[in-house]
Amino acid sequence: MFLEENKPLAPFTTFGIGGPARWFVEAALEDEIVEATVWARERGLKLFVLGGGSNLLVADAGFDGLVLRVGLLGIEAHADGPTGDAFGEWVYRVAAGEDWEHCVRRTIEDNCAGLECLAGIPGTVGGTPVQNVGAYGQEVANVVDRVRAFDLKERAFVELPAAECGFGYRRSRFNTTDRGRFLVTRVDYRLNLGGAPALRYAELQRAIEESARDGRQPGLAEVAAVVRRIRSAKGMLLVEGDADCRSAGSFFKNPVVSEEQAARIAATSAQGPPRFPAGPGAENAGRVKLAAAWLIEQAGFEKGYRLGAAGISSRHTLALVNSGEASAADVLALAGQIGDAVEARFGVRLEMEPVLVGF
Ligand code: EPU
């Protein structure tokens, strides 16, 4: 185990913000993960598990504990359909440290459907079940078969079937009821060999119609390419030197509100906010998800707005950006200003989406 001291964390985050980790270790094997967690526990140190750093805001003072970077690699696929033949369902067992985009590309090359709309998302595989990564009509909860994790409470590896992961919109048991308990080491995705791409999101449907005017059925690779193009236009694709992607993607979740509240909000403007289904489950009955970007704009913020060195992306209102030397405090000041204005205008408290580390 190679331990480093006072390791700057900003370079490990897409925001490019944050102080040092008191201790830092990279684990490429499950045994090393166990060893590192024992080391931290014996010293009474807090533990933070780092993946791709694409959904984090690290405090300016850093993290006073052990940061464990998960570097487990490997993708293995096998047919697992009811008939056991090579068609139909395939399970991809992907180690947590694999780059997400690499994983998506691999499944598309293999002509397996299920992840095509999740192309172009930064981060690693291990983070995907934690926040139930979703975009353009798909979310990993639809295809996760099981999650392998080290249970820090029981000090043993466990394999949790999807039904035991507590998935919801941007949530799972890993970031709610059992936050900090499980360290994800592998995710198994159940995909569909030869399956058709998912075309559920209106914006994606429109873009596909434009790119395939001859009316033919688009393939998985084509859908993924269109998703990347849409993301890029919104500054949501990591491109070296592009100031708009020094961010953590969406900084706020889209609020899920009651129909009555949505109607009250709609009455404040001629057009009303874009609405999306709240999702399955009894807790979502009679509720609707509203576009946070719209609420923020209606509360008086424009794309490109600045508060000190933090700002709003010039291409998508939901992304806060580090416009230079922003500190975590600058970002939180801006987030507070936006949150207060939206609440004052609409009575809705926006929830932050990124994980806060060291606060
Ligand atoms: N809108 C604005 N201003 C903007 C951008 C969007 O008013 O600058 C309005 C538009 O009317 C648009 C609506 O908001 O119709 C929705 O915008 P978009 O399609 O860009 O999606 P989103 O709701 O803002 C969510 C996810 C994204 C995901 C997209 C596509 C959350 C918090 N964000 O954004 O995920 O890529 O849908 O599915 O749910 C992320 O989590 O980091 C992320 C980028």
Side-chain angles (χ1 to χ4, degrees), residues 13-15 51-57 100-101 104 115-123 127-142 167-172 175 198-208 223-224 226-238 244-257 262 265-266 269-279 288-305 311-321 335 338-339 342 346 348 350-355:
T13 70
T14 53
F15 244 138
S54 56
N55 197 41
L56 296 183
L57 182 62
W100 174 248
E101 173 73 347
V104 171
L115 304 180
E116 63 279 0
C117 300
L118 304 176
I121 297 177
T128 63
V130 176
Q131 56 148 341
N132 183 16
V133 163
Y136 302 101
Q138 278 178 337
E139 55 181 27
V140 293
N142 305 140
F167 288 128
Y169 166 59
R170 292 290 188 279
R171 79 197 294 273
S172 69
N175 68 4
L199 296 176
R200 301 190 197 106
Y201 203 78
E203 186 183 16
L204 178 59
Q205 286 165 353
R206 278 195 303 275
I208 288 285
V223 170
V226 170
V227 166
R228 282 187 204 103
R229 219 159 48 229
I230 297 174
R231 294 192 73 93
S232 166
K234 295 179 185 175
M236 296 276 187
L237 198 66
L238 280 194
D244 275 334
C245 57
R246 231 174 314 147
S247 81
S250 301
F251 196 85
F252 298 100
K253 293 183 197 173
N254 287 329
V256 175
V257 303
I265 291 171
S269 79
Q271 269 219 309
R275 303 155 51 105
F276 302 93
V288 57
K289 197 192 280 171
L290 302 180
W294 184 93
L295 299 174
I296 294 170
E297 287 176 14
Q298 295 293 310
F301 297 88
E302 287 176 0
K303 293 184 184 68
Y305 175 83
I312 293 177
S313 159
S314 71
R315 284 178 278 168
H316 200 299
T317 312
L318 208 44
L320 301 193
V321 296
I338 293 171
V342 168
F346 298 112
V348 173
L350 293 180
E351 242 181 85
M352 283 191 236
E353 212 239 344
V355 174

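Everything numeric here is computed off the predicted structure, so don't read it as measured data. By convention here, the first residue in the shown sequence is residue 1. All ligand and atom numbering here is 1-based and tracks the order in the structure.
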**Asked** Would you call Glu139 and Arg170 a salt bridge, using N to O less than 4.0 angstrom?
**Response** no
**Item:** Subset of ligand 1 atoms that lie under 4.0 Å from at least one heavy atom of Glu353
**Value:** 41 (O), 42 (O)
**Asked** Quick one: does ligand 1 sit under 4.0 Å from the side chain of Tyr201, the backbone, both or neither, non-hydrogen atoms only?
**Response** side chain
**Under 4.0 Å to a heavy atom of Gly249 - the qualifying atoms of ligand 1, by number** = 42 (O)
**Request:** Number the atoms of ligand 1 from 1 as they appear, then name those within less than 4.0 Å of a heavy atom of Lys234, with their elements.
**Result:** 18 (P), 19 (O), 20 (O)
**Message:** Using heavy atoms and a 4.0 Å limit, tell me yes or no: is Gln131 in contact with ligand 1?
**Reply:** no
**Message:** Which residue and atom name correspond to the protein heavy atom nearest atom 10 (C) of ligand 1, and how close is it?
**Reply:** Pro274 CG, 4.0 Å
**Message:** Which option wins on minimum heavy-atom distance to atom 30 (C) of ligand 1: Tyr136, Phe276, Tyr169?
**Reply:** Tyr136
**Message:** Need the ligand 1 atom indices (1-based, order shown) with element for anything under 4.0 Å from a heavy-atom of Leu318.
**Reply:** 24 (O)
**Request:** Mind checking the CG-CG spacing from Leu318 to Leu320? Nearest 0.5 Å is all I need.
**Result:** 8.0 Å
**Request:** Give the atoms of ligand 1, by number and element, whose distance to some non-hydrogen atom of Phe252 is under 4.0 Å.
**Result:** 32 (C)
**Prompt:** Can you find an N or O of Ser250 that's nearer than 3.5 Å to an N or O of ligand 1?
**Reply:** yes
**Request:** State, with a plain yes or no, whether a side-chain heavy atom of Ile338 is found less than 4.5 Å away from one of Phe252.
**Result:** yes
**Item:** Arg231 near ligand 1 by a heavy-atom separation under 4.0 Å
**Value:** yes
**Prompt:** Is ligand 1 under 4.0 Å from a heavy atom in the side chain of Met236, in the backbone, in both, or in neither?
**Reply:** side chain
**Asked** Can Arg171 and Glu351 be counted as an ion pair, charged N to O under 4.0 angstrom?
**Response** no
**Prompt:** How close does the nearest protein non-hydrogen atom get to atom 22 (P) of ligand 1, and which residue and atom is it?
**Reply:** Asn254 ND2, 3.9 Å
**Shortest protein contact, atom 14 (O) of ligand 1 (heavy atom only)** = Ala291 CB, 3.3 Å
**Item:** Nearest-0.5 Å distance that lies between atom CH2 in Trp294 and atom CZ in Phe346
**Value:** 4.5 Å
**Message:** Side chain, backbone, both or neither: which applies to Thr317 and ligand 1 if a contact is any heavy-atom pair less than 4.0 Å apart?
**Reply:** both
**Request:** Note the single closest protein heavy atom to atom 4 (C) of ligand 1, along with its residue, its atom name and the distance in Å.
**Result:** Glu297 OE2, 3.4 Å
**Request:** Side-chain contact test, heavy atoms from C-beta onward, threshold under 4.5 Å: evaluate it for Ile121 versus Arg231 and give yes or no.
**Result:** yes
**Fill in**
In this structure, atom 17 (O) of ligand 1 is nearest to the protein heavy atom His316 NE2, 4.0 Å
**Request:** Identify the protein heavy atom lying closest to atom 6 (C) of ligand 1, giving its residue, its atom name and the separation to 0.1 Å.
**Result:** Ala293 CB, 3.7 Å
**Asked** What distance separates Trp100 CH2 from Ser54 OG, expressed to the nearest 0.5 Å?
**Response** 11.5 Å
**Prompt:** So, does Glu116 use its side chain to make a donor-acceptor pair with the main chain of Ala198 at under 3.5 Å?
**Reply:** yes
**Prompt:** What residue and atom, counting heavy atoms only, is the protein's closest point to atom 26 (C) of ligand 1, and at what distance?
**Reply:** Arg170 NH2, 3.4 Å
**ring pair (Phe, Tyr, Trp, His ring centres under 6.0 Å) involving Phe301 - partner list, sequence neighbours excluded** = Tyr305
**Asked** Judged by modelled atom types alone, do Ser172 and Asn132 share a side-chain donor-acceptor pair under 3.5 Å?
**Response** no
**Asked** For ligand 1, which atoms have a heavy atom of Glu203 less than 4.0 angstrom away?
**Response** 19 (O)
**Asked** Going from CG on Asn254 to CG on Leu290, what distance comes out if it is rounded to the nearest 0.5 angstrom?
**Response** 8.0 Å
**Request:** Can you measure from NE2 (His316) to SG (Cys245) and round to the nearest 0.5 angstrom?
**Result:** 14.0 Å
**Request:** Using a 4.0 Å heavy-atom cut-off, say whether Ala135 meets ligand 1 through its side chain, its backbone, both or neither.
**Result:** both
**Message:** Is it true that Glu353 and Ser250 share a donor-acceptor pair across their side chains at a distance under 3.5 Å?
**Reply:** no
